[in-house]
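Shown next, in structure tokens, is the structure this report addresses.
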Amino acid sequence: MSSPIILSTMSLLNDLSGLFGDAFASIGLDRAFGEVSFSQRPDLGQFQCNGALPAAKPAGRNPRQIAQEVLDLVSGDERIAELSLAGPGFINITLTDEFLAIELDALAHDPRLGVGKVAEPLSVVVDYGGPNVAKEMHVGHLRPAIIGESIKRILRFEGHHVTGDVHLGDWGTPMGQLIVELSERTPELPYFDPSATGPYPAESPVSVADLQLMYPIASRRAKDDASFAEAARQATVELQDGRPGYRALWQHFRRVSIDAMRDVYEDLGVHFDLWNGESTVHDRIQPMIDRLVGAGLTRLSDGAIVVDVADEADSKEIPPLLLAKTDGAYLYGTSDLATIEERIEDLGARIMVYVVDVRQSLHFEQVFRASRLTGIAGPRVVLEHDGNGTVNGPDGKPFKTRDGDLLRLADLVAMVIARAQERLDENQLATGYPEDERDRIAHLVGMSALKFGDLHNHRTSNYMFDIDRFTSFEGKTGPYLLYGAVRIKSILREAAERGLHGGPIVAADRDPERNLMLRLARLPEIFERAAEHRAPNHLAEYIYELVADFNRFYEVCHILSEPDVARQGSWLTLVQTTLRQLELVLDLLGIEIPERM
Ligand code: ARG
């Protein structure tokens, strides 16, 4: 995993780590030991510095003694209210409310809310989505779409130049199978006349529904019927070699499929910069193979061209990457290898992130190794398979319909929106609003349920799809967060109507207020962690805690009726900052907030 250089931000932890680092340095120890983190035990202190423990051993000293010396050195600092030594050498730190207020004020005035940016923006490609032409999108496509979209937004906000590529499966044998299947059903179509060269009709001879019906039939036939399989193989080769009728027909397959995919992705709020696919790199493949063969980087194995990727240090067997079969056909890995080359050459890609099912990890291991061994990807290029787990049903297996089929993604989306609609009714929300606004709110509530239900899990773990829990307005859910955000918006609207404005942040004088401030100060670190590990779940968890802290704050801090004008102004700034963080983080998760509910 790469660790991008973050421009130093106005992060509280950076400041504190600097202070403690100086103390370590002045007693002759590495300043890195001064690293301060938020406390795991808020009852003992707001922050902690545990560096004395790892510092002790190499220095041959007692950790408690080191901690005591560091503590003595920083104890005069006016930013610090309280210090205590615990256990074998932990230092607990509590800040003065005045200092916390100054930090928060700076954060509140920062357009980036304290979140850092990379010093060196790189060209990043996020490969996610990965649906196949002519094949119905199903529940398995949900996580790559949602997680990939979020990772794309996070890396973009971090300052990188990010390109999202859907990377369609649009070039393999299923295309040949469909061509043959269609040629038997409608031989009179002009696409099948071998001597014709076009032009061909602009209108597709098939709808996406036709294709989705034919796809499983054709793939079954290819398994059961050797002559059909052979014809399909032949058609695939001819398609790839550029037979005009087949290319024209395939363009229709691609077009109608993309139109249908776009609708589903649009509903999910998932947007791609590139609609490339396996076919995009077709013209690169033969030259690439020739070059690798010429350079002696390949081996013939039973007539197939392979790249050995096994390593002595491997604990399990990593089979060679197959580049071309005996009949000359290319494979999934061949196009992925050529795509790495293309992304480096055409997009200057320095980081490639693949958000694809974890079950494809061997495939990516082979492809990545092959790209290194062949020099296609130099040492500076980062290649990551950031795999995703599955969405499971109550039986713990990948989610199915009652008939045992994989659930269509479009049906899943519709189901969640319908449930969100019911939830709004149950909670008497959005009642009396215009019909189209209500629909829009139900859509956003449904999508928040689906996305938050997904993203608050670590991307590699599997989770159970539980529509009732996900759509609830209570608990750790998307709708709970949206409701919280909408409520904050209405508080701010009401304040504005009364002519009240945010003012400088003043020192907190009660716990819920202090806790909200401490929470808001954490975003820079949480963001950094989410970006570094490509793990949106850290942001999802954060935003839930933020709303919970806000609710506790709002319960005791009666903003609109507060007589102390300075305090009232400070609170309003805290409310605004909470909303801005909510908007930012939800946007990074791909979740949109309605204006009201
Ligand atoms: N279409 C592939 C599948 O259905 C996923 C593509 C993922 N991206 C990639 N570059 N291999 O499994």
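When a ligand or atom number is given, it counts from 1 through the structure's own listing order. Counting from 1, the numbers follow the sequence of the chain as shown. These numbers come from a predicted model, not from an experiment. The figures here come from the full heavy-atom set of this structure, side chains too, leaving out hydrogens, waters and symmetry mates.
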| field | Asp165 (side chain) donor-acceptor with Asn276 (main chain) under 3.5 angstrom | value | yes
| message | Does atom CZ (Arg185) have a neighbourhood of more than 12 heavy atoms from anything else shown, all under 6.0 Å? | response | yes
| task | For atom CG of Asp302, decide whether the heavy atoms of other residues, nucleotides or ligands shown that lie under 6.0 angstrom number more than 12. | result | no
| Residue list, ring pair (Phe, Tyr, Trp, His ring centres under 6.0 Å) with His252, at least two apart or on another chain | Tyr191
| field | Under the side-chain hydrogen bond (donor to acceptor under 3.5 Å, both in side chains) test, residues paired with Arg247 that sit two or more places apart | value | none
| When you look for protein heavy atoms under 4.0 Å from ligand 1, which residues do they belong to? | Asp127, Gly130, Asn132, His167, Tyr332, Asp336, Tyr354, Val356, Gln360, Phe364
| note | For residues 137-157, the ring-ring contact (aromatic ring centres under 6.0 Å, His included) pairs (sequence neighbours left out) are His138-His141, Phe157-Phe527
